[in-house]
Amino acid sequence: MENILGLLRIHIHRGVNLAIRDMKSSDPYVVVRLGKQKLRTRVVKQNVNPVWDEDLTLSIADPNTPIKLMVFDKDTFSFDDKMGDAEFDIKPLIEAVKMRLEGVASGTRVKSIKPNRENCLSEESCVIWVDGSVVQNMFLRLRNVECGEVELQLQWIHIPGSRGL
C-alpha cells in the first residue's frame, strides 16, 4: 500500500441549476475521481436541483493531485449524458491541517480561497476549524456545460499510524 497521508471525506451536498439532458429534466449523479479511485453518488430522478447529501471518502497520498468531479445524467437505453465537470485543489485544506489548530475556537475561519480562472469556484471558499477537524465548503461551477454548480464540503480525516501531515 502506498503512503497514505489521510482520508478526504467529500460531502456531496447538492446540485444547483444543472443542465437539462432529458425532455424536461435530468437524472443526475456525481462521479469523483482521484488517480485510480472512482466513487459515485446515487441517481436523483428528474431533478436539476438535486440534493444528494452523500459522503464519499478518498485516500490521499499526494495532496498536489487535483480531484475531478463529473456530473452525469443517467439514461436507461443509451450512454449517460455528461452534465459538466469540475476539479478542485485540496492544497489549501492540507495547509490548514498542517497548522495544528488544536485549541483554536470552533468555527474559526482559517483560510479563504477566492474564485479565479485557475479554479472552478463560483464563490469564495472558506477553510474552517470545526469541532476538532478542518473542513472546507465550496461551490464548484461546472465546466463544459451551459449551466450548473455543485455544493460540497471537504473534511480531512487523520488515520492513526499513517505518515500523516
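Position 1 is the first residue of the sequence; numbering continues from there. Note that the coordinates shown come from a computational prediction; the quantities given were computed from them, not determined experimentally.
Heavy atoms from other residues, nucleotides or ligands lying under 6.0 Å from CD of Gln46 number 12 at most.
Note on Leu58 and Met70: separate hydrophobic clusters, where clusters join Ile, Leu, Val, Met, Phe, Trp and Tyr whose side-chain heavy atoms are under 4.5 Å apart, directly or indirectly. Hydrophobic clustering keeps Val31 apart from Ile67 (ILVMFWY residues linked when any side-chain heavy atoms are closer than 4.5 Å, directly or through intermediates). Linking Ile, Leu, Val, Met, Phe, Trp and Tyr residues whenever their side-chain heavy atoms come within less than 4.5 Å places Val134 and Ile113 in a single cluster. Under the 4.5 Å side-chain contact rule for hydrophobic residues, Val43 and Leu18 do not share a cluster. In terms of hydrophobic clustering, with Ile, Leu, Val, Met, Phe, Trp and Tyr side chains grouped at heavy-atom distances under 4.5 Å, Phe72 and Leu34 are assigned to different clusters.
Between the CZ atom of Phe139 and the CG atom of Leu142 there is a distance of 12.0 Å, given to the nearest 0.5 Å.
Here the shortest heavy-atom pairing between Val104 and Trp129 reads O-NE1, 3.1 Å. Nearest heavy-atom pair, Lys74 versus Asp22, reported as atom, atom and distance to 0.1 Å: O-OD2, 4.5 Å. The nearest pair of heavy atoms linking Asp73 to Tyr29 is C-CE2, 4.4 Å. In terms of heavy-atom proximity, Met138 sits nearest to Leu121 at CB-CD2, 3.7 Å. Here the closest non-hydrogen pair linking Leu69 and Val71 is CD2-CG2, 4.2 Å. The minimum heavy-atom distance between Lys82 and Arg21, with the atom names listed, is O-NE, 3.1 Å.
Listed for the Ser106 side chain is no donor-acceptor partner under 3.5 Å among the backbone atoms of Val130. Under the 3.5 Å distance criterion, the side-chain polar atoms of Asn47 are left unmatched by any main-chain donor or acceptor of Val44. Without hydrogens or angle criteria, Ser125 side chain to Asn137 main chain gives a donor-acceptor distance under 3.5 Å. Judged purely by atom type and a 3.5 angstrom limit, Asp80 uses its side chain to pair as donor or acceptor with the backbone of Asp75. In terms of modelled atom types and a separation under 3.5 Å, the side chain of Thr57 and the main chain of Arg9 share no donor-acceptor contact.
Scored by the salt bridge (Lys or Arg N to Asp or Glu O under 4.0 Å) test, Arg42 finds Glu54 as partners (sequence neighbours excluded).
A salt bridge links Glu124 with Arg109; the closest basic N to acidic carboxylate O contact falls under 4.0 Å.
When only modelled atom types and interatomic distance are considered, His11 and Asp53 share a side-chain donor-acceptor pair under 3.5 Å.
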